[in-house]
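The next block holds one structure in the form of structure tokens; read it before the comments.
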Amino acid sequence: MPKDEVVISLKDVNKWYGTFHALRDINLDVRKGERVVVAGPSGSGKSTMIRCINRLEEHQSGTIQVNGTEVSNDVKAVEKVRREVGMVFQQFNLFPHLTVLENLTLAPIWVKHMPKAEASDIAMKYLERVQIHEQAKKYPGQLSGGQQQRVAIARSLCMRPSIMLFDEPTSALDPEMIKEVLDVMVELAEEGMTMVCVTHEMGFARTVADTVVFMADGQIVEMNTPSELFGNPKEERTRQFLSQIIRH
Amino acid sequence: MAEPSVPQSFAADGLLSRPIAWARTNLFKSPGNTVLTLVAAWVLWLLLPPLINWALVKATWVGDPAACRAAGGACWGLVTEKYRLILFGIYPYDEQWRPFSAVLLFIGMILMAANPRFWKPWLGAALTAGLVIVAVLMWGGVLGLPPVSDDRWGGLPLTLILSIAGIVLSFPLAVVLALGRRSQLPAVRAWCVVYIELWRGVPLISVLFMASIMFPLFMPEGVTIDKLLRAQLGIILFTAAYLAEIVRGGLQAISQGQYEAADSIGLTYWQKMRLVILPQALKVVIPPLVGQFITTFKDTSLVIIIGLYDLLSSTKVALSDPQWRAFYVEGFVVAALIYFVFSYVMSQYSQYLERRLSAGVRRQ
Amino acid sequence: MVEPVSSSVSSAEFHHWWNNERFRGVLYQLLLMAAVVAIGWFLVANTLTNLNARHIATGFGFLDREAGFGISEHLISYMPSDSYLRAFEAGLLNTLEISVLGIVLTTLLGVVMGVARLSTNWLVAKLASAYVEAMRNVPVLLLLLFCYSVITVSLPLSRNAFNLFDRVFLSNRGLRVPSLIWDENAVVVVTAFLVGLLISVGLAIWARRRQDRTGQEFPVVWGSLGLLFGLPVLAFLAMGASLSFDVPHLAGFNFAGGSTLSPEFAALLVGLVIYTGAFVAEIVRSGILAVSYGQTEAALALGLSRMQVLRLVILPQSLRVIIPPLTSQYLNLVKNSPLAVAIGFPDLVSVANTAINQTGQAVEGVTIIMGVYLAISLILSFVMNWYNKRVALRGGR
């Protein structure tokens, strides 16, 4: 059960791409240990919102606070936030010119100034957790999609983040590999990691999430526990979306 | 929920807000950027006004060197005086409508080859026919046209002849070489590789030297081969190697499935290539093909080395007149502009074509 | 029930030996070989006949004969009484000199311009684009002739030369700079520089090992720069702060003393570098754009700084994309250097041309030219292929 401390707080956040209003008055609080799933149709602003949290996108108005630090143009603040927040991308974005092990040790060595041996030990531990340790010396191009995504998760974990962001982590995977990645994510959740996850996997949302946030057209339409949101949606838009995706 | 107001930078509070916002992001985003902008603007300020002053304001358009020197600006009089020499070389004055028509015909041929509507099997034959007409026009001796030997040809028509004939006539050889390089027969592949790597490894100048000096030696006793033909042959053999690599790239880009489908419906090797593979392969490599045409077009300027008078060397000849020697800038600028217009238009068009053609192709 | 088609066709129509695929393959190859041999024999026979008729010798014996012509600049000593072979060597060294300098300067210019084209500053990006588009659409020979004309026509005569502190002179005879006199002091200072170079290499290796062990970084770049500047300066001061130079001075119509950058060399170098630099700029730009933005995002999300992202993630991946076409451009620069013939710089082709004109031995002369360039191309290609294989991204499912 999530504790009461708020680790991510978005207040009246707005973002425009030129004249396109991508995020409208977003208000969201995430507590420590809470698992949040963000769902919604394409173009609803889900990815934009979580990318604003680690400043991969800039918001124009409102405030975003992560672990007490405000996300702004201050370079030091952004570096601090990025050290505490890990992110997993839809396209994995592993570094193809480095081995799996080197992918994991890159940031600990160059950002945390860890000696190589220590970084490698930590890396191997995480590789074992995601069950990829025999592939440590391989290159990303030699791994399957599911394996690459697990390596990507391990890479983020090596920086010991207190919060993990997932941007549609399984959307680029073949169906038979989705389960191995979701299993890792479930394990992480059970260990108490604070997670904000943009995904289409409603089964995952039902079993793991504490809160499901439904977004459409840049706004948060509805936010509730999974059983409430799926069983008893209050807004018409939510009902429309649910009827479209929960068909099989 | 009330619609929040648009933040200041996008508020429509006047005509200037947009340009100012644009300038702020694109020119003055950070201190470093601001410095760069100021330096660049200062350099432009130093160069542009004097340049415009020289090129237009103080320029003389009359063909009098003394007047030019007095005015101190650009001497476009050079162009008005010598444009015939620059454009047509030493072709007899009265017959210069012939090279002029040849240039127009060439432009027509380029336009035709560029239009996808004309990409039918007979395009090659049509272009070759165009070349024959140009040859007749330039050489004369038939149809009541007084003969003009090719050592009087020069300027823009010569440049176009060398480059267009170079590409059109080397194309069949290039296709054969590309197919040969991918052949399963080791001897065929080996010879194609040797040919391609040999001609790609040596400078065009040495090829032109070879053509100019050695081709006469290759001829049996009593047979002569005139200078233009030597150069043209050298350019054809040279360009074929580069075109072959481009075509080979296109062949590689076609998925194995196409080859297999063509085989499975019973086409012979040559039918497969002609009807299925090559049409697709050539479409894929249009940008590099146009790039090669532009390169060949510019490379024809090298024939100055073996004594032929293309556009660039005609310009140089025009400038060797001691009266006009000091105005070399104007001469080279005019020649450069002609090359630039041809090349730039072609490359822009090829980009446009690429966008248009790939719009219909779904990427796998 | 359908009757099988084959029963209506006699089976003797198939399995003819001349339809056998393998047989055909062998046949085609034999025909090709025969054709090549026939053409070759035809050309060689004609050539020999023609050479005989004009009383032109064959063979490379002429290389030992006295050349009898001067070469305006040479890195090795050469006099007209030296052999043709010596002349060719001088020409070859000139070609290599232009090629090496050209490649280095082109790379620098190209990288700067390529990065400038990607700048977020609109003005800088547009200016760089204008430069690239201009160079790609004009012939290199035009550029060379233009540069040469600028130098020989527009620069002042020697007696009115631009001068810098009465030491450096710029005129239409070229750029004249003081040259270092090779005495004891000079040797020590230069040795100090070389020692600094070696120590820098050692420093880089040591710093890397230290980082692996302790995680701490060491400013290798600044340290090396300090060594490369500091050591020679220390040596200079220690030796009494005196280096002697041969300063050029006006003597008659030209300068004497010092060393020269001739108009021909300068025009060729500047023209080739400005021209090829534009193509390199394009290659650098595509290389950097080829790395998907997701890589930058992932690296930033891990907390790496912008400089670290560029150095550790973007640059290594761009290099893989940049190196092959970059090598082609280097080769193009080398293959464009014979344009020296048009402005009178004595490179290999220029020298060979003179030799051919004097001896009439065109076949041997052209063979030497083509052989040398072919060798250079093959060596560069070989090195490039080896490097490519080494750094190729492994995988590819």
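Numbers restart at 1 for each chain; the letters A, B, ... are given by sequence-line order, proteins then strands. Quick caveat: nothing in here was measured; it's all calculated off a predicted structure.
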Select, from [options], the one with the greatest count of heavy-atom pairs under 4.5 Å involving chain C.
options: Val333(B), Val188(B), Ile338(B); result: Val188(B)
options: Leu185(B), Thr34(B), Leu44(B), Leu312(B); result: Leu185(B)
options: Gly331(B), Pro186(B), Ala40(B), Ala335(B); result: Pro186(B)
options: Thr300(B), Val223(B), Asp299(B), Ile305(B); result: Ile305(B)

Chain B-proximal positions within residues 45-54 of chain C [heavy-atom distance under 4.5 Å]: Asn46(C), Thr47(C), Thr49(C), Asn50(C), Leu51(C), Arg54(C)
Parallel, tilted or perpendicular: ring planes of Phe342(B) versus Phe297(B), cut at 30 and 60 degrees: tilted
Plane angle bin for Tyr242(B) and Phe238(B) - parallel if under 30°, tilted between 30 and 60°, otherwise perpendicular: tilted
Looking at [options], which has the largest count of heavy-atom pairs under 4.5 Å with chain B?
options: Val366(C), Ile376(C), Ile356(C), Val140(C); answer: Val366(C)
options: Leu339(C), Leu145(C), Val363(C); answer: Leu145(C)
options: Phe146(C), Phe42(C), Tyr28(C); answer: Phe146(C)

Atom of [X], atom of [Y] and distance for their closest heavy-atom approach:
X: Ser343(B); Y: Asn137(C); answer: CB-OD1, 3.1 Å
X: Arg117(C); Y: Ala125(C); answer: O-CB, 3.7 Å
X: Thr239(B); Y: Gly166(B); answer: CB-O, 4.5 Å
X: Ile246(B); Y: Pro288(B); answer: CD1-O, 3.5 Å

Working for ring-ring contact (aromatic ring centres under 6.0 Å, His included), residues Tyr195(B) and Trp199(B): CA-CA 6 Å; Tyr195(B) 181 100; Trp199(B) 291 98; 5.8 Å; yes
Between Thr152(C) and Asn172(C): side-chain donor-acceptor atoms closer than 3.5 Å: no
Please classify the contact of [X] with chain C as side chain, backbone, both or neither, using a heavy-atom distance under 4.5 Å.
X: Met214(B); value: side chain
X: Phe332(B); value: both
X: Ile304(B); value: side chain
X: Leu319(B); value: neither
X: Val329(B); value: both
X: Ile205(B); value: side chain

Counting only non-hydrogen atoms closer than 4.5 Å, does [X] touch chain B with its backbone (N, CA, C, O), its side chain (CB onward), both, or neither?
X: Asn332(C); value: neither
X: Val36(C); value: side chain
X: Ile369(C); value: side chain
X: Leu331(C); value: neither
X: Leu141(C); value: both
X: Val124(C); value: side chain

Distance, nearest 0.5 Å, that separates NZ of Lys316(B) from CD1 of Ile86(B): 13.5 Å
Thr159(B) side, atom OG1; Asp310(B) side, atom CG - distance, nearest 0.5 Å: 4.0 Å
Within 6.0 Å of OH in Tyr269(B), more than 12 heavy atoms from elsewhere: yes
Test item: Arg230(B) side-chain N/O and Phe215(B) main-chain N/O as donor-acceptor pair under 3.5 Å: no
Side chain Ser212(B), main chain Leu208(B), donor-acceptor under 3.5 Å: no
Side chain to side chain donor-acceptor pair (under 3.5 Å) evaluation trace for Glu264(C) with Tyr148(C): CA-CA 7 Å; Glu264(C) 290 77 23; Tyr148(C) 191 61; 2.8 Å; yes
Salt bridge (Lys or Arg N to Asp or Glu O under 4.0 Å) involving Glu197(B) - partner list, sequence neighbours excluded: Arg181(B)
